[in-house]
Amino acid sequence: NWDLDMAESNSGSASIRSGVIGDSQTSDLSVTLDVTADGVIEFNYKVSAEYSTSGNYFYDGLEFYVDGNLEGQYQTNTDGSSPWTNVSHSVSEGEHTFRWSFVKDAAGGGTDCVNTDCADAVWIDDIIFPPAYMESDMIMGDLNGDTIVNILDVIIMVNIILEVEMPSDQADLNGDGIVNILDVVQVINLILGPRFDDASVLEILNEENKILLESDGYVGAVKMILNHENHISINLTRAAFVADYNTMGNRTTILIVAPETKHLFDYEGDFDIVYVEAANSNSFIDVTLPSKTSLSKAYPNPFNPITNINYELSQESYVVIDIFNISGQLVENLLNGNKKPGNYDVQWDASLYPSGMYFVKMKVAGDVFNQKVMLMK
């Protein structure tokens with residue numbers, strides 16, 4: 001009586017949780033497989049139950065069996081913490097039954113869930129089985145039915161995500177009810193093999209009409225949604241397993257699978273990046289979007305005699321910042337030069353000028369930004 005738990009997981013969106021039991025009972029989950037080669041079974045577990053403060057005894061917790069033989073007992077840590085923990089066990093070729101049991105002893109104790117407010121349960125996630133024969137009429141990930149999982153299946157899955165083709169249950173490899181980039185990276189894993197250099201963060205950069213990425217490891221897929229009032233031209237990278245996009249009205253969705261370089265695409269036109277998601281080989285990763293070129297409000301304002309002017313650049317640009325009086329005359333140039341992307345401050349010392357209204361004008365790559373400032377002496 002184990003069940004899916006959408007609120008708890010080691011990775012991804014869910015794990016499987018043991019059933020509710022009483023003292024001297026067990027909650028079992030078992031799988032029988034025909035293992036085709038010597039290997040290992042690996043999984044992550046979490047135990048929140050009665051525990052031994054010395055660690056010398058096993059009261060309540062998780063037991064793992066292979067063919068009825070006890071391979072391991074796992075319980076809450078001696079300090080009461082319940083972290084996710086990874087274990088693995090060697091498995092020989094042949095038919096084997098793997099069983100996970102949440103067990104409870106005959107009575108409660110000082111650290112049972114009445115006294116410690118624990119969950120009285122165990123969780124399993126990220127089970128990796130050894131190579132095994134699976135008898136089935138279909139192969140998960142084989143979307144075109146040719147009995148081979150390859151780039152043709154990736155293209156179909158990309159088209160499903162881009163809403164070019166209708167969804168397919170067979171494309172939902174991780175069983176979360178949604179066909180998204182997590183399913184794409186699982187197909188890539190089947191084709192290219194596992195990765196051990198996964199990225200944990202990704203930054204999107206917008207430089208000189210190019211969208212680039214910076215990451216600290218392997219990126220399995222990137223999905224972007226762009227909003228644009230007018231037509232835009234997009235030239236996607238060729239250094240990727242698959243790269244494609246779909247435009248519907250003023251919205252363009254881009255999907256790039258396993259990019260091999262920093263460069264994602266070139267473009268012509270104006271757009272806003274309204275949504276980005278990225279994944280490594282098994283889970284979503286954090287994404288930082290590019291900044292926008294902007295001129296912030298000067299501070300203080302009104303001022304006497306110094307005010308600070310903050311501006312932000314989304315890409316390397318030639319920047320001109322001028323001060324004009326109320327008659328439209330140029331009174332001072334504060335900046336005239338090339339700047340890299342980033343956030344900057346420039347000060348205007350108006351001690352030589354009379355009180356009154358002035359205008360800050362910033363010109364960047366054809367765009368003009370203005371604001372009023374009041375000097376009060």
Side-chain angles (χ1 to χ4, degrees), residues 9-13 44 84 86 125-126 128 141 151 153-155 157-162 173-174 176 178-227 232 234-246 251-267 271-293 312-317 339-343:
S9 66
N10 177 64
S11 70
S13 59
N44 288 272
W84 281 99
N86 177 265
D125 199 3
D126 298 323
I128 301 177
I151 188 173
D153 303 297
V154 179
I155 292 172
M157 187 172 290
V158 167
N159 286 335
I160 292 173
I161 296 172
L162 294 178
L173 267 71
N174 63 358
D176 62 359
I178 304 170
V179 179
N180 57 21
I181 63 173
L182 294 181
D183 301 297
V184 172
V185 298
Q186 289 204 24
V187 177
I188 294 298
N189 294 343
L190 292 173
I191 298 171
L192 302 181
R195 299 290 300 221
F196 303 97
D197 55 345
D198 280 338
S200 59
V201 294
L202 181 147
E203 182 178 6
I204 300 294
L205 306 174
N206 188 348
E207 298 180 3
E208 298 179 349
N209 288 73
K210 293 180 174 65
I211 298 296
L212 312 174
L213 68 81
E214 291 282 358
S215 69
D216 58 352
Y218 171 73
V219 176
V222 179
K223 178 184 176 182
M224 286 181 157
I225 298 178
L226 315 178
N227 275 355
I232 59 173
I234 295 174
N235 182 28
L236 294 177
T237 178
R238 295 185 179 181
F241 198 83
V242 174
D244 204 352
Y245 71 93
N246 180 34
R251 172 166 291 205
T252 295
T253 304
I254 298 171
L255 184 54
I256 300 173
V257 180
E260 299 173 1
T261 64
K262 294 170 55 175
H263 174 250
L264 296 180
F265 62 89
D266 304 336
Y267 68 88
F271 60 82
D272 291 323
I273 301 175
V274 296
Y275 179 78
V276 178
E277 65 182 16
N280 51 35
S281 67
N282 64 79
S283 62
F284 288 116
I285 55 179
D286 293 333
V287 178
T288 301
L289 292 176
S291 60
K292 292 184 177 181
T293 297
E312 187 173 7
L313 300 178
S314 63
Q315 60 187 22
E316 186 172 349
S317 304
K339 289 289 187 179
K340 293 185 177 297
N343 195 290

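When a residue number appears, it is its place in the shown sequence, counting from 1. Please read these numbers as outputs of a predicted model, since none were measured by experiment.
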- Message: Check whether Asn10 reaches the backbone of Asn44 with its side chain - one donor and one acceptor, N or O, closer than 3.5 Å.
- Response: no
- When rounded to the nearest 0.5 Å, the distance separating CD of Glu312 from OG1 of Thr293 is 7.5 Å
- Closest approach of Val179 to Asp183 (non-hydrogen atoms, all atoms of both residues): CA-OD2, 3.2 Å
- Message: What's the separation between atom CD in Glu277 and atom CD1 in Ile161, rounded to the nearest 0.5 Å?
- Response: 8.0 Å
- Are Leu173 and Val187 close enough that some pair of their side-chain heavy atoms sits under 4.5 Å apart? yes
- Task: Specify the closest pair of heavy atoms between Ala240 and Pro259, including all atoms of both residues, with the distance to one decimal.
- Result: CB-CA, 3.9 Å
- Where the side chain of Asp244 meets the backbone of Asn159, is there a donor-acceptor pair that is under 3.5 Å apart? no
- Applying the side chain to side chain donor-acceptor pair (under 3.5 Å) test to Tyr267, which of Asn209, Asn235, Asn206 qualifies? Asn206
- Query: Would you find a donor on one side and an acceptor on the other, under 3.5 Å apart, between the side chain of Asp198 and the backbone of Ser281?
  - Reply: yes
- Are Asp126 and Ser11 close enough that a side-chain donor and a side-chain acceptor fall under 3.5 Å? yes
- Message: Within this structure, what is the CG-CG distance for the pair Asp176 and Leu182, rounded to the nearest 0.5 Å?
- Response: 6.5 Å
- Heavy-atom side-chain proximity of Val184 to Lys223 below 4.5 angstrom: no
- Query: Any idea which heavy atoms bring Ile273 and Ile204 closest together, and the distance?
  - Reply: CD1-CG2, 4.4 Å
- Message: Side chains of Tyr245 and Leu226, heavy atoms from C-beta outward: is any pair under 4.5 Å?
- Response: no
- Does Thr252 reach the side chain of Phe271, with side-chain heavy atoms less than 4.5 Å apart? no
- Note on the structure: Looking only at heavy atoms, the pair that brings Ala279 and Ile285 closest together is N-CG1, 4.0 Å
- Query: Please walk me through it: do Ser200 and Asp216 pass side-chain hydrogen bond (donor to acceptor under 3.5 Å, both in side chains)?
  - Reply: CA-CA 7 Å; Ser200 59; Asp216 58 352; 2.5 Å; yes
- Val201 vs Thr288, side-chain contact (heavy atoms from CB on, under 4.5 Å): CA-CA, chis, key distance, verdict: CA-CA 8 Å; Val201 294; Thr288 301; over 6 Å; no
- Query: Is Val257 close to Met157 at the side-chain level, that is, under 4.5 Å between some pair of heavy atoms?
  - Reply: no
- Task: Taking the side chain as every heavy atom from C-beta outward, state whether Asn280 and Arg195 have any atom pair closer than 4.5 Å.
- Result: no
- Note on the structure: Taken to the nearest 0.5 Å, the spacing of Ile225 CD1 from Thr253 OG1 works out to 4.5 Å
- Message: As an exercise, state the distance from OG1 of Thr237 to CD1 of Ile256, rounded to the nearest 0.5 Å.
- Response: 6.5 Å
- Message: If I take atom CD1 from residue Ile181 and atom CD1 from residue Ile188, how far apart are they, to the nearest 0.5 angstrom?
- Response: 12.0 Å
- Message: Show the nearest heavy-atom pair for residues Tyr218 and Ala258, with the distance to one decimal.
- Response: OH-CB, 3.9 Å
